[in-house]
Amino acid sequence: MKTFAFCIVLFFLFIPSPAQSLEDGIPAGLAADFIHAVVEAGRTTYSEQVVEHLQSSLPASEKWEQDKTLLLPAQFLSMSSKISNSRGIGMKYRLMSLWPLNNNNAPRSQNEKLGLEEVVKNTDKPFTWVIPRNGRWYFEAIYPDIAVSETCVTCHNNHPNSPKTDFKVGDVMGGIIIDLPLGKRTEKNVDEKFLLTPEVVADYVHSVLESDRTVYAQYVVNRLEEQGILQSKEKWENENALMLPAQFLLNSAIKSKRLGLNFRLISLYPINPQNRPANEFEQDGLESVEVHPIRPYIKHSKVGRKTYFQAIYPDIAVTRGCVNCHNGHPNSPKKDFALDDVMGGILVSFQLR
Ligand code: HEC
Ligand code: HEC
């Protein structure tokens, strides 16, 4: 009997550990891919569906505040990264270049400079490395930022501050750097496979989403509406209008899907009935974030053999515009939203294995 018990103990001690699955966490390299996908999705949505859509009526300009125009795509990204970086959640991101128009966007270390030089040569993957800083390990990844259209090239080549005047379409003009804190400096084997918990990765993804959403709502929609320059409309496509903040998020969501990353905007008081909670988890989550707005509502769920991680974060009325439009909308079931109220939730989900 004793031997038998001993065997069981041994069995549990030496149980073969399965190949590390995503259930244990998300490798830093994949976490950076997720974050980059969301940053890139916001950048593309803003460039293509806002700036290019309105090019003939309200061109974007560097002095957007003074000119009462749209901010440039690079300024949109840097404003969003400033908001996210200032939250102190650990992860940071920003746009930079070896040939910056704005010196704040120059590389800040020898490693950043080397990384940028690498992505200029090798455009098909990010350049990544691990580095100790102030007693901690950090994972850094630089993704190339490409001159996707003639407008990128023309504006940069002709700008008085540009150190480079021969950019061509398809060239790497700079890079987006993502910086993730890993473990303490004493930990061994810290590399791009270092596992971050799904909760932390969801916080990072959500921080980018919320920062983009804030910049779009505050510095694009609210500012231009208050100055009577542009309106945001549901049917913006055939008009000289801005897309709604909800549509901005939805567009970014569609663009981030390829990595298995999903997000949605939902609410207990939806204008669009499709945005109401789709199941008990979403209902419970929305009720929870309404009363505990600093804590996301989290679940691991199994569908067949796959495990998904889901988190609902509160969606806050950050501007008067949010409140006024919803309270005044004929299809809104709630007419008394106030500034800073939780209006709904942002659902972030990804597959764990
Ligand atoms: C109308 C002019 C204009 C257009 C169009 C434009 N940019 Fe820029 N870009 C700027 C300005 C001005 C800055 C500096 C913004 C700041 O103050 O941070 C900048 C910043 C950047 C940076 C950061 C490094 C730097 O130069 O400061 C990159 C990278 C970049 N742009 C790439 C692009 C790409 C890619 C496109 C096309 C998708 C593009 N830009 C379109 C004017 C433009
Ligand atoms: C100009 C009007 C307008 C503004 C401004 C606006 N919304 Fe909305 N919002 C809508 C409409 C219309 C929908 C439904 C979109 C759809 O068809 O999915 C929506 C959808 C939503 C949803 C999903 C639930 C629902 O009502 O369908 C949330 C949550 C939400 N908005 C919050 C906000 C917040 C927070 C802001 C400010 C950052 C904001 N909205 C700004 C009009 C607006």
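Atoms within each ligand, like the ligands themselves, are counted from 1 in listed order.
Put simply, the residue from E118, E112, E140 that forms a side chain to side chain donor-acceptor pair (under 3.5 Å) with W129 is E140.
Against a heavy-atom cut-off of under 4.0 Å, V148 is close to the following atoms of ligand 1: 38 (C). Counting atoms of ligand 2 from 1 in the listed order, those under 4.0 Å from a heavy atom of A217 are 38 (C). Under a 4.0 Å criterion applied to the non-hydrogen atoms of G321, ligand 2 contributes the atoms 5 (C). For ligand 2, the atoms closer than 4.0 angstrom to any heavy atom of S232 are 1 (C). Within ligand 2, counting atoms from 1 as listed, the ones closer than 4.0 Å to a heavy atom of V318 are 38 (C). Numbered from 1 in the order shown, with element, the atoms of ligand 2 that lie under 4.0 Å from a heavy atom of S267 read 24 (C).
Nearest non-hydrogen protein atom to atom 24 (C) of ligand 1 is S97 CB, 3.5 Å. Shortest contact from atom 17 (O) of ligand 1 to any protein heavy atom: N102 ND2, 2.7 Å. The protein non-hydrogen atom at the shortest distance from atom 28 (C) of ligand 1 is L95 CD2, 3.8 Å. Atom 5 (C) of ligand 1 has as its closest protein heavy atom T151 O, 3.4 Å. Annotation: atom 29 (C) of ligand 1 to nearest protein heavy atom, D145 OD2, 3.4 Å. The nearest heavy-atom contact from the protein to atom 35 (C) of ligand 1 is I146 O, 3.2 Å. Closest to atom 14 (C) of ligand 2 among all protein heavy atoms lies N272 CB, 3.9 Å.
Looking only at distances, no side-chain donor or acceptor of H326 sits under 3.5 Å from a matching main-chain atom of Y269. No donor-acceptor pair closer than 3.5 Å links the side chain of Y46 to the backbone N or O of F248.
Contact check on E117 versus K121 returns no salt bridge, with no Lys/Arg side-chain nitrogen under 4.0 Å from an Asp/Glu carboxylate oxygen. Using a 4.0 Å cut-off between charged nitrogen and carboxylate oxygen, D166 and K168 do not count as a salt-bridge pair. Salt bridge D179/R133: present, at least one basic N to carboxylate O contact under 4.0 Å. Between R213 and D315 there is a salt bridge, with a side-chain nitrogen of the basic residue lying less than 4.0 Å from a carboxylate oxygen of the acidic one. Using a cut-off of 4.0 Å between Lys/Arg side-chain N and Asp/Glu carboxylate O, R264 and E282 are scored as salt-bridged.
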- Message: Show, in sequence, the C-alpha distance, side-chain angles and deciding distance for N275 and L265, and conclude whether the side-chain contact (heavy atoms from CB on, under 4.5 Å) test is met.
- Response: CA-CA 7 Å; N275 301 332; L265 198 55; 5.7 Å; no
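Here R213 has side-chain heavy atoms under 4.0 Å from ligand 2, and that is the only part of it that gets that close. Contacts with ligand 1 closer than 4.0 Å are made by no heavy atom of T154, backbone or side chain. Looking at N275 against ligand 2, only its side chain comes within 4.0 Å, counting heavy atoms. Only the side chain of R43 comes within contact range of ligand 1, with a heavy atom under 4.0 Å; no backbone atom does.
A side-chain donor-acceptor contact under 3.5 Å links Q49 and N251. Between the side chains of Y216 and S80, not a single donor N or O lies within less than 3.5 Å of an accepting N or O.
Counting only distances under 2.8 Å, and ignoring water, the protein N, O or S atoms around atom 8 (Fe) of ligand 2 are H326 NE2.
Aromatic ring pairs are classed by plane angle as parallel below 30°, tilted from 30° to 60° and perpendicular above 60°; the pair F34 and F350 is tilted.
Note on ligand 2: Q231 sits outside its first shell, no heavy atom being nearer than 4.0 Å. Residue contact annotation: I316 has a non-hydrogen atom under 4.0 Å from ligand 2. Using a 4.0 Å heavy-atom cutoff, N103 is absent from the residues neighbouring ligand 1.
Residue Y138 is grouped with residue F127 when hydrophobic side chains (ILVMFWY) are merged at heavy-atom distances under 4.5 angstrom, including chains of intermediate members. Using a 4.5 Å cut-off between side-chain heavy atoms of Ile, Leu, Val, Met, Phe, Trp and Tyr, with links allowed through other members, M96 and I176 fall into different hydrophobic clusters. Both V205 and M91 are assigned to one and the same hydrophobic cluster, defined by single-linkage of ILVMFWY side chains at heavy-atom distances under 4.5 Å.
Scanning both residues, V323 and A317, for their nearest heavy atoms gives CG2-CB, 3.8 Å. Nearest heavy atom pair, residue P27 against residue L195, reads N-CD2, 3.6 Å. Smallest separation of non-hydrogen atoms from S252 and A41: O-CB, 3.4 Å.
Each protein N, O or S atom less than 2.8 Å from atom 8 (Fe) of ligand 1 was counted, giving 1.
Any N or O atom pair closer than 3.5 Å counts here, and N105 shares at least one such pair with ligand 1.
Checked against the 6.0 Å centroid threshold, W99 and F167 count as a close aromatic pair. A distance of 6.0 Å or more separates the ring centres of F76 and Y219.
With atom 15 (C) of ligand 1 as the reference point, the heavy atom nearest to it among E62, Q75, E52 is part of Q75.
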